[in-house]
Amino acid sequence: MPKRILVTGGTGYIGSHTVVELQQAGYEVVIIDNLSNSNADVLEGIPRITGKRPLFDKLDCTDFEAMKALFKKYPFDGIIHFAASKAVGESVEKPLIYYRNNLVSLVNLLELMPQYNVKGIVFSSSCTVYGEPDKNPIDENAPVKPATSPYGNTKQINEEIIRDFVHSGAPIKSIILRYFNPIGAHPSAEIGELPLGVPQNLVPYITQTGIGIRQQLSVFGDDYDTPDGSCIRDFINVVDLAKAHVIAIERMLEKKSDEKVEIFNLGTGIGLSVLELIKVFEKVSGKPLNYKIVGRREGDIEQIWAQPDKANNVLGWKAEETIEETMASAWKWQQRLREKGAM
Ligand code: UD1
């Protein structure tokens with residue numbers, strides 16, 4: 001019998017790529033998503049890659065009774081919890097929506113896990129918990145800094161909720177994955193990032209500008225204390241990132257560690273500036289990108305990149321794709337969307 005994994009937020013960007021890797025590793029996947037920030041079309045894209053259609057229920061994780069019914073319907077071996085609101089700016093304007101969505105969802109899952117004998121949960125966290133690091137690269141022992149947005153705060157609080165629950169003796173394990181900046185798409189271009197409206201994140205803005213949906217990219221600041229003055233990030237390929245989730249699930253289900261809560265940074269270990277990333281895009285797309293330098297974006301971190309040694313050595317996971325391959329995959333996906341008339 002294949003092990004069955006519940007993937008919340010499984011029609012979203014990172015979730016859908018993880019579903020593909022789980023299926024390819026032999027897991028049966030049940031996706032739940034409220035489709036508030038994703039599209040059910042991805043349920044067609046996934047089987048075009050894997051040959052298997054994941055089970056899907058349109059469900060909101062904050063709805064405790066509906067979640068309970070789901071746990072009754074399916075025995076799950078493990079959970080990967082992606083479902084969350086993630087727009088930093090919106091979280092400042094509508095904090096309660098963020099606290100309700102992101103905190104209640106996790107509390108519901110944790111409450112149901114022991115009742116239905118589900119032993120492990122992988123939690124989707126972010127390097128945002130480190131704030132502006134004192135030094136780079138940054139490892140998992142670096143201090144968690146006060147959050148600069150309600151969104152960031154929900155990631156920190158959720159990490160604490162998991163630790164407190166496990167500490168109370170709950171019979172579960174958890175692996176917390178702190179992502180750096182996930183970008184790119186599946187190399188098949190069957191699935192990828194689908195931002196609704198104007199993209200807030202850099203790479204979808206770049207590819208949409210490249211294809212003509214947006215006129216010009218604004219680069220937020222070139223007066224930072226970095227070699228070229230633009231911000232530095234650790235851009236991690238989304239398929240590489242997805243593979244780390246499969247390893248994390250296996251690690252929990254096969255009890256490869258005695259630790260009840262483990263935290264891993266998921267990044268490449270390489271810091272790349274915004275302007276350097278634009279150059280990579282121009283190289284792989286073969287066309288110049290229309291951009292201009294504007295003022296800094298409020299709340300941006302100057303520079304952050306991962307020390308991924310713990311994930312490399314303990315999980316046996318490593319980012320493999322080059323930045324050129326990754327940007328080429330993002331570009332191919334953008335072109336595919338154009339062909340399909342989706343954008
Ligand atoms: C942000 C959040 C992070 C969250 C992630 C996922 C912060 C500090 N970080 O990451 O917590 O997990 O989004 O959504 O809010 N940029 C431009 N022009 C653009 C867009 C971005 O120059 O049009 C620059 C930004 O200033 C930044 C870099 O590109 O320096 C990356 O931005 P973005 O893709 O939004 O990611 P983060 O801000 O790093």
Side-chain angles (χ1 to χ4, degrees), residues 9 12-15 37-38 82-93 98 102 123-133 136 138 144-159 176-184 193-210 213-236 238 241 265-268 271-281 289-306 323 326-327 330:
Y13 174 44
I14 307 173
N37 195 27
S38 61
F82 292 105
S85 305
K86 62 158 194 174
V88 175
E90 184 188 49
S91 80
V92 176
E93 284 157 26
Y98 275 68
N102 295 4
F123 176 64
S124 173
S125 189
S126 164
C127 70
T128 192
V129 302
Y130 298 120
E132 182 81 55
N136 279 300
I138 191 156
V144 165
K145 298 261 180 81
T148 52
S149 70
Y151 159 77
N153 207 19
T154 65
K155 291 294 176 192
Q156 294 191 7
I157 297 171
N158 274 342
E159 288 195 4
I176 292 169
L177 299 176
R178 291 177 177 163
Y179 314 149
F180 283 67
N181 285 58
I183 63 165
E193 191 167 5
L194 251 186
L196 299 179
V198 182
Q200 307 292 314
N201 296 112
L202 179 60
V203 169
Y205 211 106
I206 289 178
T207 58
Q208 288 196 8
T209 305
I213 298 170
R214 311 281 154 209
Q215 218 203 332
Q216 189 174 48
L217 169 77
S218 295
V219 172
F220 299 134
D222 70 346
D223 56 351
Y224 285 100
D225 187 13
T226 60
D228 65 21
S230 65
C231 292
I232 294 178
R233 294 289 183 273
D234 185 333
F235 297 100
I236 169 80
V238 68
L241 189 77
N265 280 348
L266 296 181
T268 64
L272 205 72
S273 76
V274 171
L275 292 172
E276 285 172 323
L277 191 71
I278 291 172
K279 287 202 194 85
V280 174
F281 174 77
L289 186 76
N290 185 18
Y291 72 89
K292 66 165 187 269
I293 311 287
V294 301
R296 294 181 176 192
R297 181 171 74 178
E298 204 189 318
D300 263 341
I301 284 161
E302 180 175 279
Q303 41 189 317
I304 183 163
W305 68 94
I323 190 69
T326 302
M327 284 307 279

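Quick caveat, the model's predicted, so the values are computed rather than measured. Counting starts at 1 for both ligands and their atoms, following the listed order. Heavy-atom basis, side chains included; hydrogens, waters and symmetry copies ignored. Residue numbers start at 1 and run along the sequence shown.
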Does ligand 1 have an atom that lies less than 4.0 angstrom from a heavy atom of G299? yes
Looking at D223, I'd like to know if its CG atom is crowded, meaning that more than 12 non-hydrogen atoms belonging to other residues, nucleotides or ligands lie closer than 6.0 Å. yes
For atom 37 (P) of ligand 1, what's the nearest protein heavy atom and its distance? N181 ND2, 3.6 Å
How far is atom 30 (O) of ligand 1 from its nearest protein heavy atom, and which residue and atom name does that atom have? C231 CB, 3.1 Å
If you compare R297, E298, K86, Q303 by their heavy atoms, the one closest to atom 32 (O) of ligand 1 turns out to be R297
Identify the two heavy atoms, one from N290 and one from T209, that lie closest to each other, and give their separation to 0.1 Å. O-CG2, 3.6 Å
Only one of L217, T207, N181 clears side chain to side chain contact (heavy atoms under 4.5 Å, CB included) with L202; which? L217
Go through the side-chain N and O atoms of T226 and Q303 and say whether any donor and acceptor fall under 3.5 Å apart. no
Below 3.5 Å, N or O to N or O, backbone or side chain included: is there any such pair between F220 and ligand 1? yes
Would one find more than 12 heavy atoms of other residues, nucleotides or ligands at under 6.0 Å from atom CD of Q216? yes
What is the nearest protein non-hydrogen atom to atom 27 (C) of ligand 1, stated with its residue, atom name and distance? R233 NH2, 3.7 Å
For ligand 1, which atoms have a heavy atom of Q200 less than 4.0 angstrom away? 20 (C), 35 (O)
At a 4.0 Å threshold, what atoms of ligand 1 neighbour a non-hydrogen atom of S218? 17 (C), 18 (N), 19 (C), 22 (O), 23 (O)
Just to check, does Y179 reach to within less than 4.0 Å of ligand 1 when the distance is taken from its heavy atoms? no
Taking the six-membered ring for Trp, are Y179 and F82 parallel (under 30°), tilted (30 to 60°) or perpendicular (over 60°)? tilted
Is it true that a side-chain atom of N153 and a backbone atom of A147 form a donor plus acceptor pair closer than 3.5 Å? no
Heavy-atom contacts with T128 under 4.0 Å: which atoms of ligand 1 show up? List them by number with element. 11 (O)
By number and element, which atoms of ligand 1 are closer than 4.0 Å to a non-hydrogen atom of V219? 22 (O)
On a heavy-atom basis, which atom in V203 and which in I183 lie closest, and how many Å separate them? CG2-CG2, 3.5 Å
Does only the side chain of T148 get under 4.0 Å from ligand 1, or the backbone, or both, or neither? Count heavy atoms. neither
Would you indicate whether Q200, at its atom CD, is surrounded by more than 12 heavy atoms from other residues, nucleotides or ligands within a distance under 6.0 Å? no
Heavy-atom pair of closest approach, residues C231 and Y224: SG-CE1, 3.3 Å
What is the closest protein heavy atom to atom 9 (N) of ligand 1, and at what distance does it sit? V88 CG2, 4.3 Å
Show your working on side-chain contact (heavy atoms from CB on, under 4.5 Å) between L194 and Y13 and close with a plain yes or no. CA-CA 7 Å; L194 251 186; Y13 174 44; over 6 Å; no
Looking only at heavy atoms, is any part of P199 under 4.0 Å from ligand 1, and if so is it the side chain, the backbone, or both, or is it neither? neither
Atom 12 (O) of ligand 1: closest protein heavy atom, distance to 0.1 Å, is Y151 OH, 2.9 Å
Test side chain to side chain donor-acceptor pair (under 3.5 Å) on S230 and D222; report intermediate values, then the result. CA-CA 4 Å; S230 65; D222 70 346; over 6 Å; no
Any N/O pair L202/ligand 1 closer than 3.5 Å: yes
Considering non-hydrogen atoms of the protein only, which is the closest contact for atom 5 (C) of ligand 1, and what is the distance? N201 ND2, 4.1 Å
Shortest protein contact, atom 28 (C) of ligand 1 (heavy atom only): V274 CG2, 3.8 Å
Heavy-atom nearest neighbour in the protein, as seen from atom 26 (O) of ligand 1, with distance rounded to 0.1 Å: D300 OD2, 2.5 Å
